[in-house]
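In what follows, chains are A, B, ... by sequence order, proteins preceding strands, each numbered from 1. Atoms considered below: every heavy atom in the structure, side chains included; atoms not considered: hydrogens, waters and symmetry mates.
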Amino acid sequence: MNDSTIVSDSVKRFKWVGTRPIRPDGVPKVTGRALYGADLKLPGMLYGKVLRSPHAHARIKSIDTSAAEKLPGVKAVMTAADLPQQKFDYIGPERVAQNFWHITRNIMAREKVLYEGHALAAVAATSASIAEEAAALIKVDYEVLPHVIDVDEAMAPDAPLLFEDMIPRGIEPTPTKASNISKRLEFAVGDVEAGFKEADVVIEKEFKTAAVHQAYIEPHACVAKYEADGQCEIWSSSQGHFAMRALTAQIIGAKIADLRVTPAEIGGGFGGKTVAYLEPVAATLSRKSGLPVRLQMTREDTFRGSGPTSGSSMWVKIGVKKDGTIVAADGIFKFQAGAFPGSPVMNGCLCAYAPYDIQNQRAVGYDVVSNRPKAAAYRAPGSPISAFAVESVIDMCAAAIGMDPLEIRAKNACHIGTPTIFGPKHAHAGYAETVQALMDHPAYQVKLGPNQGRGVASGYWFNGAGESSATMQVNADGTVLVATGSPDIGGSRASMAIMAAETLGVDYNNVRAIVADTGNIGYTHVTGGSRVTFATGMAVVNATKIVIKDLCRRAAVIWDVDPEGVIWEDGYAKPAGLNVGDFKPLSLREIAAKAAATGGPITASAGVNAGGQAPGFTTQFCDVEVDPETGKVTILRFVAAQDVGRAIHPSYVEGQIQGGVVQGIGWALNEEYIYNSKGQLDNAGFLDYRCPVASDLPMIDAVLVEVPNPAHPYGAKGVGEVNICAPMAAIANAIAAATGKRMTELPMSPPRVLAALSA
Amino acid sequence: MGEPVRVVFTTGFSRRYTGGVREFEIEARNLRHVIREMDVMFPGLANTLEEETTVAIDGELYEIDFTQPVKEGAEIFFIPKIEGG
């Protein structure tokens, strides 16, 4: 526990909500007994190995697997030819549109390899070393093509094309020439040009951000067992076993009902484990060999073959009046999608100015392909990238008019009823409260020394909701089992047990929460979008309420009274009034003991398509010291205020905030992909890809601002993502305050800072 | 029926599906009515709305659920679905 503070309306109203019980998954994890994706071993299991492209861009002239197939111990070899063709069609909503023509080619290359690390064949053998040897025997004849990595270079008219027939969408009139631009988007409200004419100060700047990996500790891993009757079981580490089931079924051409996916314990995801890379390959190798197959990525595979978030190139222009009113904001946001279309640029556009009440706004986005792994979701996908640019320019505007950076944010803060660039008005408060929490924070008044500076930034994220399922079972001894379909990444088992215990009025320690497989629970969306405590929590509360109604009915049977004559209070069935009769209240345990006589097992399931979620707001400040001789930036203090609705388990909420901030610090200061002249990644490992470690960091002070969401039974809001939106700009702003130099490119690594200081 | 609800689309969406018209006033008491009325005007639009959009009713975000009530005079924005991390 840290010394965080909770700015709350009331956490005392509840017995369990807002408390910090021991996490139910703690003991297996700290004793090394938890079973992750790579831990499962089945009898007769084979070991898989994926062959990956050494080239950033090349045409595949031929693949010869004959030598690998002849190697003793090899039981199956596959290429893209073993997967069915997929139709070229964007299916589903614009941002999350899935084109299986692209997805199947990302899982296994067909006509071309589009990035170094692109999978193009796989083998399964009786040992890992035989599998590795066999993969090396696969002969691939390549025609190496020119490549392009950088987003601006990829947009140039003479850039090497990844897809010779890709015509940009969203540009009118429709271009006739192919391009690496997959799509252009534009959102606007008001009149931006007129707005800038009202401004006393107008500042514009260009920015670049590096692609960064989600850097989960556990690489992707799965085991697949495909039976002769077409039934297939998969155990995998992912953020959503229902999503893995659907994706795998589509890619291998199976029926959803023939696949059963069990979620392994997951060692981090941050958005990057919403994508299927290995599951269809393992299932195919298992089908071909008739034996279970385990596939797992190495750390190098994870860097070379799985999605980072986008790198970007941006231009932002903001106009303010001398009194601090922001009158106009304009921006162009160009995001790398990686090798296939689908960067989070739309989110970047929609979130860019969302914390603010700005009458005139425009955001133009470009989704651009280039020769690097396909971008995958990463914590508030897109929002941190545009926030870096926008929050930097707001800081410059504040400095230009001599206004405190928190003051300018308070003055322009969105409120309920403020229009957004995407149309609807804000329906929830919470942003201004985060600004105020920092204004009230004693550390904001601490004086700084030489080479030190303080920076402020804010962030916005939508938060998700949607479909979730939960089941409750009451056991014979009165203990309770809660099963959901949400893989537990951020502590959801604890928060589900807390909400069930609170609703049922029983001891948290008598409630066990588990994550059930696709055969044992109803459909549930991925654990992502900060949706689980909100949406799956609603399903748990609804299932609990059904159980309570049933418990009252059973008490009525025992007392031989009308069911309406029984109420549930503090974990007991009680007579609703004196006229019902003089009955001693019945505990959950007492009713559970009579389950058979009162109608059989006590169980209930609930499914929801949850809505009414509130967005996440954060405001953060940090103090840094810049070493003028080396350019190294040391974080001295970091304070992050976030509107969390109501913290169901405050320690987990603080952990989410601290984790998001730390990932943001890494994004700000060190993390980047370093490519050589051939487009090959030179730092595919944690020694050279520099994530922050504990010794790099101060204690992150998480300030929990509680503005409850009335749409949730306990006021919860999503808390997992918005915390990563602000750190990059907060640090850039602090560096500017310390040195007078404006850093506009991430990472702000020592060489870059030193170069800026020397300029 | 009382005051109609106001249905609004983004510029890009309206260009693609509603002939560039962004705003509509219709009689509806739940999302099923809204989607059905829009489908009457633009046949096939119902599927697109169900599959591609999130809806904001007076600013509150919801996934498409036919039973979701809409109040008289409500402002209903259909916006692209958002993916989280």
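When heavy atoms are compared at a cutoff of 4.5 Å, B:F77 approaches chain A solely by way of its side chain, counted from C-beta outward. Only the backbone of A:F270 comes within less than 4.5 Å of a heavy atom of chain B; no side-chain atom from C-beta onward does. When heavy atoms are compared at a cutoff of 4.5 Å, B:R22 does not approach chain A at all. Contacts between B:I76 and chain A at a heavy-atom distance below 4.5 Å are absent for every atom of the residue. Of the two parts of A:Q239, only the side chain, counted from C-beta on, holds a non-hydrogen atom closer than 4.5 Å to a non-hydrogen atom of chain B. The contact between A:L350 and chain B is made entirely by side chain atoms (from C-beta outward), counting heavy-atom distances below 4.5 Å. The contact between A:A610 and chain B is made entirely by backbone atoms, counting heavy-atom distances below 4.5 Å. Of the atoms belonging to B:I79, it is side-chain heavy atoms, and not backbone ones, that fall under 4.5 Å from chain A. Heavy-atom distances place no part of A:Q214 under 4.5 Å from chain B, backbone and side chain included.
Side-chain polar atoms of A:S306 and A:Y216 form a donor-acceptor pair below 3.5 angstrom. A donor atom on one side chain and an acceptor atom on the other are found under 3.5 Å apart for B:E60 and A:H428.
Between B:E75 and B:R6 there is a salt bridge, with a side-chain nitrogen of the basic residue lying less than 4.0 Å from a carboxylate oxygen of the acidic one.
Under the 6.0 Å cut-off for aromatic ring centres, A:F335 and A:Y366 do not qualify, their centroids lying 6.0 Å or more apart.
Using the six-membered ring where Trp is involved, A:Y523 and A:H525 have ring planes that are perpendicular, over 60° apart on the 30 and 60° scheme. Ring-plane geometry between B:F24 and B:F9 is classed as perpendicular, the angle between the planes exceeding 60 degrees on a 0 to 90 degree scale with a lower cut at 30.
In terms of heavy-atom pairs under 4.5 Å with chain B, the best-connected choice from A:G382, A:G464, A:G612, A:A614 is A:G612.
Shortest non-hydrogen contact noted between A:S530 and A:V719 is CB-N, 3.9 Å.
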